[in-house]
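Quick note: numbers below take in every heavy atom, side chains included, and nothing from hydrogens, waters or symmetry partners. Because the structure is predicted, anything quoted here is derived from the model rather than measured.
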Amino acid sequence: MLINHWCASVDATIQMRTGCNPLEQHGPQAVRVHADAWAPLAAVANPHRIEDVVDYEVIYLAIRQLEADPHHICLETSILKVMDAIFSMPIVTQAAVSMHKPHVYNGGGTPAISLNLTRAAWQELPR
């Protein structure tokens, strides 16, 4: 948790084909996604306009686009796509995205992956 920062959070459950494991190759399944984007309070010109803070709709739409792409089957690359959308907003200095697959092991286990990055770390990642 960052102090003196706005945080836009999005929680969504999408239907996504994930193919990392034979148990997962039977078609789309529910994937829970949580994303946070932080922007420094001092950098916000007008806190009464969502576009000047952090536009959570950008994050939501990036998550929903994962569902529409039948070739996007890896959680790791899915997280990177959401991060790319978050860091497309210049005001964002830090972001976190996590994805959980609650039904893979019929309730006996919940595979999950998450990534927390600063803008500087994001820019250093190879593309």
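Leu41 meets the side chain to side chain contact (heavy atoms under 4.5 Å, CB included) test with Trp6; sequence neighbours excluded. Applying the side chain to side chain contact (heavy atoms under 4.5 Å, CB included) test to Ala112 and every residue at least two apart in sequence or in another chain returns His100. When the salt bridge (Lys or Arg N to Asp or Glu O under 4.0 Å) test is applied to Arg64, the partners found at least two apart in sequence or on another chain are Glu67.
A side chain to side chain donor-acceptor pair (under 3.5 Å) check over residues 31-48, counting only residues at least two apart or in different chains, returns the pairs Ser9-Asp36, Asp11-His34, His34-Asp36.
Using a 4.5 Å heavy-atom threshold, the side chains of Leu117 and Leu125 count as touching. The shortest distance between side-chain heavy atoms of Leu66 and Val82 falls below 4.5 Å. For the pair Leu115 and Leu80, the minimum side-chain heavy-atom distance is below 4.5 Å.
In this structure, Gln15 places its CD atom where more than 12 heavy-atom neighbours from other residues, nucleotides or ligands lie under 6.0 Å away.
Side-chain heavy-atom separations under 4.5 angstrom define the hydrophobic clusters, and Ile3 shares its cluster with no other residue.
Atom OG of Ser78 and atom CD1 of Ile63 lie 10.5 Å apart (nearest 0.5 Å). A distance of 13.5 Å separates OG1 of Thr77 from CE of Met83, quoted to the nearest 0.5 Å.
A single hydrophobic cluster is not seen to contain both Leu2 and Val10; linkage of ILVMFWY side chains at heavy-atom distances under 4.5 Å, directly or through other members, places them apart.
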Checklist entry - Step by step, would you call Thr13 with Val31 a side-chain contact (heavy atoms from CB on, under 4.5 Å)? => result CA-CA 6 Å; Thr13 300; Val31 175; over 6 Å; no
Can you give me every donor-acceptor pair (side chain of residues 84-95, partner residue at least two apart or in another chain, under 3.5 Å) with its distance?
from: Ser88; atom 1: OG; to: Ala85; atom 2: O; distance (Å): 2.5

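Summarising the geometry of Met99 relative to Leu75, their closest heavy-atom pair is SD-O, 3.8 Å, with the distance given to 0.1 Å.
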